[in-house]
Amino acid sequence: MRSKNSLGLYAAIALLCGSCTSTPKPSVATSVPDAVADDSATAALYERIGSATSRFQAGLELIRAGSPRSGREGLVAALSEIETAANACAQTSGCESERFIAALAVLIRLQSVAAGWDAPAEEESSAPATDAELAEAPAFALTSPPAQVKLLRGKDLTKLITLNEPVRAALEDWLTWMRPQLIETWVNYSYLRAEMWPAYERAGLPEALLFGMLAKESAARVHSYSRAGAAGPLQFMPETAKRFGIGNINGRDGRLDPATAARANVAYLREQLGAFDNNLELSLAAYNGGESRMRRLVKQHPGKGFWSNQILFALPAETRDYVPKVLAAAYLFLHPEEYGLSFPSIERELAQLSLQSSMSLGELSICLGQEARAEGWFRTLRNLNPQLPTDERLPAGSRVRVPRPLVAIHAQRCRDPKLLARIAKLQDARHPQGPTQVAYAVRRGDTLHAIARRTRCSSADEIGRLNGLKGPGYTLRVGQQIRLPTCS
């Protein structure tokens with residue numbers, strides 16, 4: 001049964017939908033070209049969406065933490081804020097009420113997850129399971145994609161992808177110098193599919209589209225960070241993440257959680273498809289280049305599509321490359337046989353492994369070897385366990401999510417005391433005692449995560465704490481002096 005707060009959300013959506021139909025605005029494609037939107041006022045209203053979503057999420061956290069009165073007050077205040085902003089949006093030129101409806105849908109989604117409506121609660125065993133018990137457990141089983149996997153809003157995705165010159169050029173890139181990235185995406189996504197595909201399946205979006213976006217955004221690497229500050233497998237910027245309800249999850253960046261990122265990605269795409277009359281290319285361009293820019297261009301050139309000169313060459317080179325690359329990767333996902341492409345066969349079923357001794361994910365990946373996978377298991381272990389540190393030892397008995405065959409390999413290989421001692425020396429060499437601090441001047445294009453990768457012995461969180469910087473964005477300025485904890 002839905003709660004009173006949930007019913008209030010549905011009522012708010014109905015109210016907003018009613019106002020949309022009673023006072024219709026001209027669509028993006030048919031609005032008067034010389035109509036000038038109040039961009040600053042509109043931007044401020046959109047900012048209120050993100051703020052209200054964060055307040056709503058904070059209210060849910062308070063309820064979960066045992067403060068129902070304060071939590072409910074937060075929910076009511078957040079909902080009231082969105083309703084007030086939505087009424088202002090109706091009076092502001094260029095402001096789109098659909099965004100507020102989408103925001104309310106996100107709030108319902110957040111409340112559904114918090115209340116446990118999406119899935120039955122799992123009972124946790126107090127006693128750790130043995131490797132044999134975990135190997136027998138039918139956890140994380142995957143099914144084959146359904147027949148309607150190729151459909152986008154009822155239309156066959158293959159027919160929506162135009163094999164024009166830019167897409168053919170992108171196909172050649174994926175099949176030549178970018179082929180390793182395409183294969184890596186397939187392998188990484190195969191293990192993440194159980195977390196990411198359900199959001200697409202529920203929304204009726206094709207799996208090939210998810211694969212195409214992952215291939216171009218991050219190669220399905222969960223811990224991927226861009227120079228601009230985007231993060232996660234689907235590369236959400238901090239403000240966009242906040243707008244779609246992605247916050248911190250148990251103290252870590254929620255953008256790195258595959259299931260959360262997939263749900264937010266679905267909400268974003270549905271919003272853009274609604275704004276651009278189900279035009280896939282324009283929606284993808286908005287995802288990469290910003291929806292405000294795309295809506296402005298479509299408004300200036302009514303009736304023109306993404307491939308028109310008026311729109312295509314008004315976009316940055318990155319977006320002109322992004323859209324055909326996503327479409328081409330999606331096409332290859334559906335029709336690899338047309339170009340002799342063969343994706344590796346992956347046993348996708350996952351299990352939980354109980355560590356026999358204290359070790360880090362890095363040490364575990366070394367002891368697991370490479371017999372079952374030539375490139376080793378480090379990336380897979382990181383992707384499947386984004387909540388775990390990669391360079392800190394976990395206590396014996398800790399549970400690590402792994403592809404099921406690794407449970408038996410762990411039992412066989414990770415008992416050798418000589419091998420474990422050699423591996424431990426590698427870990428200890430990376431973290432000697434007595435670290436020193438050095439000063440670093442921030443350069444153009446630096447992010448804290450990039451700096452941490454270069455110093456290797458530091459993490460972004462560690463550098464942030466040392467310098468009083470607030471995550472997950474860790475805003476830096478060129479020339480800023482920061483202290484770095486490094487290896488001695």
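Along the sequence shown, residues are numbered consecutively beginning with 1.
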Are [X] and [Y] close enough that some pair of their side-chain heavy atoms sits under 4.5 Å apart?
| X | Y | result |
| --- | --- | --- |
| Pro403 | Leu384 | yes |
| Leu160 | Asn278 | no |
| Val326 | Leu209 | yes |
| Gln370 | Trp377 | no |
| Asn279 | Glu281 | yes |
| Leu476 | Leu469 | yes |
| Val323 | Asn288 | no |
| Ile451 | Ile482 | yes |

Sub-3.5 Å donor-acceptor pair from the side chain of [X] to the main-chain atoms of [Y], do we have one?
| X | Y | answer |
| --- | --- | --- |
| Asp253 | Arg255 | yes |
| Asn385 | Val400 | no |
| Thr240 | Phe236 | no |
| Glu172 | Ala169 | no |
| Ser218 | Ala220 | yes |
| Gln235 | Gly232 | yes |

Checklist line | Tyr200/Met196 under side chain to side chain contact (heavy atoms under 4.5 Å, CB included): CA gap, chis, key distance, verdict | finding: CA-CA 7 Å; Tyr200 264 64; Met196 304 191 78; over 6 Å; no
Under a 4.0 Å threshold between the charged nitrogen and the carboxylate oxygen, would [Y] count as salt-bridged to [X]?
| X | Y | value |
| --- | --- | --- |
| Asp321 | Lys216 | yes |
| Arg243 | Glu291 | yes |
| Arg252 | Asp257 | yes |
| Arg193 | Glu201 | no |
| Lys418 | Asp416 | no |

Which pair of heavy atoms, one from [X] and one from [Y], lies closest together, and at what distance?
| X | Y | value |
| --- | --- | --- |
| Leu361 | Leu381 | O-CD1, 3.8 Å |
| Thr319 | Phe306 | O-CZ, 4.1 Å |
| Thr475 | Gln480 | O-OE1, 4.3 Å |
| Arg399 | Leu388 | O-CD1, 4.3 Å |
| Pro324 | Ala170 | O-CB, 3.5 Å |
| Leu256 | Val222 | O-CG1, 2.8 Å |

Note to self: Would Leu327 and Leu280 count as a side chain to side chain contact (heavy atoms under 4.5 Å, CB included) here? Give the steps.
What the structure shows: CA-CA 9 Å; Leu327 295 175; Leu280 179 57; 3.7 Å; yes
Note to self: Would Glu184 and Tyr189 count as a side chain to side chain donor-acceptor pair (under 3.5 Å) here? Give the steps.
What the structure shows: CA-CA 8 Å; Glu184 181 187 2; Tyr189 172 63; over 6 Å; no
Checklist line | Pairing residues for Tyr225 by the ring-ring contact (aromatic ring centres under 6.0 Å, His included) criterion, not counting sequence neighbours | finding: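 Scan of Tyr225 (ring-ring contact (aromatic ring centres under 6.0 Å, His included), adjacent residues dropped) gives His449.
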Give, for atom [atom1] of [X] and atom [atom2] of [Y], the distance between the pair rounded to the nearest 0.5 Å.
| X | Y | atom1 | atom2 | answer |
| --- | --- | --- | --- | --- |
| Leu406 | Arg413 | CG | CZ | 11.0 Å |
| Leu163 | Leu171 | CG | CG | 6.5 Å |
| Leu350 | Gln352 | CG | CD | 9.5 Å |
| Leu182 | Trp186 | CG | CH2 | 9.5 Å |
| Glu392 | Ser358 | CD | OG | 11.0 Å |
| Arg221 | Arg379 | CZ | CZ | 5.5 Å |

Would you tell me whether [X] and [Y] have side-chain atoms, one donor and one acceptor, within less than 3.5 Å of each other?
| X | Y | value |
| --- | --- | --- |
| Gln427 | Arg393 | no |
| Thr380 | Arg373 | yes |
| Tyr322 | Glu217 | yes |

Check: More than 12 heavy atoms of other residues, nucleotides or ligands under 6.0 Å from CD of Glu318: is that the case?
Finding: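 Result for CD/Glu318: open.
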Check: Near Arg179 CZ, under 6.0 Å, is it more than 12 heavy atoms from other residues, nucleotides or ligands?
Finding: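 Counting neighbours around CZ of Arg179, more than 12 heavy atoms of other residues, nucleotides or ligands fall under 6.0 Å, so yes.
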Notebook entry, point to check: Do Met359 and Leu394 pass the side chain to side chain contact (heavy atoms under 4.5 Å, CB included) test, and can you show the C-alpha distance, the side-chain angles, and the key distance before you say yes or no?
Noted result: CA-CA 5 Å; Met359 62 176 60; Leu394 304 168; over 6 Å; no
Next item on the list: Sort and list the pairs that fulfil ring pair (Phe, Tyr, Trp, His ring centres under 6.0 Å) and have at least one residue in residues 248-271, not counting sequence neighbours.
Entry: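 Of all non-adjacent pairs touching residues 248-271, those that pass ring pair (Phe, Tyr, Trp, His ring centres under 6.0 Å) are Phe244-Tyr268, Tyr268-Tyr287.
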Check: Would Leu332 and Leu175 satisfy side chain to side chain contact (heavy atoms under 4.5 Å, CB included), going step by step from the backbone distance to the final call?
Finding: CA-CA 9 Å; Leu332 289 172; Leu175 292 166; 4.2 Å; yes
